Amino acid sequence: MYAVLGNPIHHSLSPLIHRLFAEDTHESLVYTAILVPLNKLEMMLDKLEQENYQGLNITHPFKLEAFHLVHEKSILANKTQAINTIRFNKKGHRFGDNTDGIGLIRDLKLNHHISLINKKILILGAGGAVRGIIPSLLLEKPGNITIANRTEAKAIELMNLFADPTLTATNLNFHETISFDLILHATSLSLHNESISLPSHILHETTFCYDLAYQKETPFLLWAKKIGCKNYANGLGMLIEQAAESFFIWRGVRPNTEMVRDKLNSELS
Ligand code: NDP
């Protein structure tokens, strides 16, 4: 048995994605979504372990707290200090990993054929998702990464956490007229169908705009298209790829993500 834990959780596509993975790989598993009250994560982990769950996904707002509730962590989990995947090993031993960054990189490279080497990257937002993707982005050797956040202090905190010379932190007031090769929108505004106000000069002719949110049209992508952006994607591919990595951690087999992406794209349109 497996589950995704979050609050809220009703919107989660993870049960559907893992059902499709199980069908594809002929693995037999049950995967549900569980709403966890805000101060009850630890209690819930103990309860599910008692009930012989084999693995969990952890989503908003529990990824940082969950980091402190596992016994062994992957290198990426230690770097991000946040986890989205737990595997229950022998009784009383939990392994934690963070697959968000791998999911994003796989989607960008394999599905959108983007190389990040020497690229100028702008990240809008500095929340849990951004924390999870920065170490994986850095491994791709970009030229520089600017983290721009409404609360500048949080962008600075992430810059200091990862302590890499390619990282800079700022707020959302773009005074300099710089453009970027890749813009990753990672604020939670897309969930409310709202957008931040951005200047058009941050895009050039071949800028790739990516929204981590996975609804078909997001206000950020609509804005980018309106000012002429031709290369863009939502975060559905990332969601599926990070789920595939969790599936691999639990079951040791890799599902066919292309098939699941095609299915979800047609179901969500
Ligand atoms: P968090 O709540 O951790 O962070 C929210 C971010 O949005 C913060 O940087 C916050 O800025 C910013 N923000 C919120 N309101 C505003 C506003 N009015 N104006 C400007 N900025 C604002 O969220 P997550 O990082 O967990 O999630 C962010 C997005 O990423 C969501 O859309 C989520 O669905 C998506 N996501 C997608 C995944 C995928 O697999 N595709 C995986 C994980 C997340 P401040 O610090 O100032 O509050």
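Atoms within a ligand are numbered from 1 in the order they appear, just like the ligands themselves. Reckoned from all heavy atoms, side chains included, excluding hydrogens, waters and symmetry mates. Everything numeric here is computed off the predicted structure, so don't read it as measured data.
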- Message: With heavy-atom distances below 4.0 Å as the criterion, list the atoms of ligand 1 near Tyr214.
- Response: 41 (N)
- Query: At under 4.0 Å between heavy atoms, which part of Leu236 makes contact with ligand 1: side chain, backbone, both or neither?
  - Reply: neither
- Message: Could you check whether any side-chain heavy atom of Asn98 comes within less than 4.5 Å of a side-chain heavy atom of Ser74, counting everything from C-beta outward?
- Response: no
- Message: Are any of the N/O atoms on Leu212, whether in the backbone or the side chain, positioned under 3.5 angstrom from an N/O atom of ligand 1?
- Response: yes
- Item | Protein contact of atom 11 (O) of ligand 1 - nearest heavy atom, named by residue and atom, plus distance | Asn149 OD1, 3.2 Å
- Can you name the one residue among Val260, Ile17, Asn265, Asp107 that meets side chain to side chain contact (heavy atoms under 4.5 Å, CB included) with Leu236? Asn265
- Which of the atoms in ligand 1, numbered in the order shown and given with their element, are less than 4.0 Å from a heavy-atom of Thr151? 45 (P), 46 (O), 47 (O)
- Message: For His18, run the ring-ring contact (aromatic ring centres under 6.0 Å, His included) check against Trp250, Tyr2, Phe248 and tell me which one passes.
- Response: Trp250
- Ring geometry between Tyr210 and His112 (parallel below 30°, tilted from 30 to 60°, perpendicular above 60°): perpendicular
- Query: Could a heavy atom of Ala126 be found less than 4.0 Å from some atom of ligand 1?
  - Reply: yes
- Message: Just so I know, are the side chains of Leu137 and Leu104 near enough to count as touching, which here means a heavy-atom distance under 4.5 Å?
- Response: yes
- Would you check whether Ser190 reaches within less than 4.0 Å of ligand 1, judged by its heavy atoms? no
- Looking at Ser188, which atoms of ligand 1 are within less than 4.0 Å of one of its heavy atoms? 5 (C), 6 (C), 7 (O), 14 (C)
- Message: Show me which atoms of ligand 1 lie under 4.0 Å from any heavy atom of Gly125.
- Response: 9 (O)
- Task: May I ask which of His60, Lys154, Lys63 has a heavy atom nearer to atom 43 (C) of ligand 1 than the others do?
- Result: Lys63
- Message: With no hydrogens and no angle check, just 3.5 Å: does a side-chain donor-acceptor pair link Asn57 and Ser246?
- Response: yes
- Query: Would you call Glu157 and Arg131 a salt bridge, taking side-chain N to carboxylate O under 4.0 Å as the test?
  - Reply: yes
- Message: Are Leu203 and Leu198 packed together at the side-chain level, in the sense that at least one heavy-atom pair is separated by less than 4.5 angstrom?
- Response: no
- Ile196 contact mode with ligand 1 (heavy-atom cut-off under 4.0 Å): side chain
- Task: Can you figure out which of Ser195, Ala153, Ala155, Gly128 has its heavy atom closest to atom 3 (O) of ligand 1?
- Result: Gly128
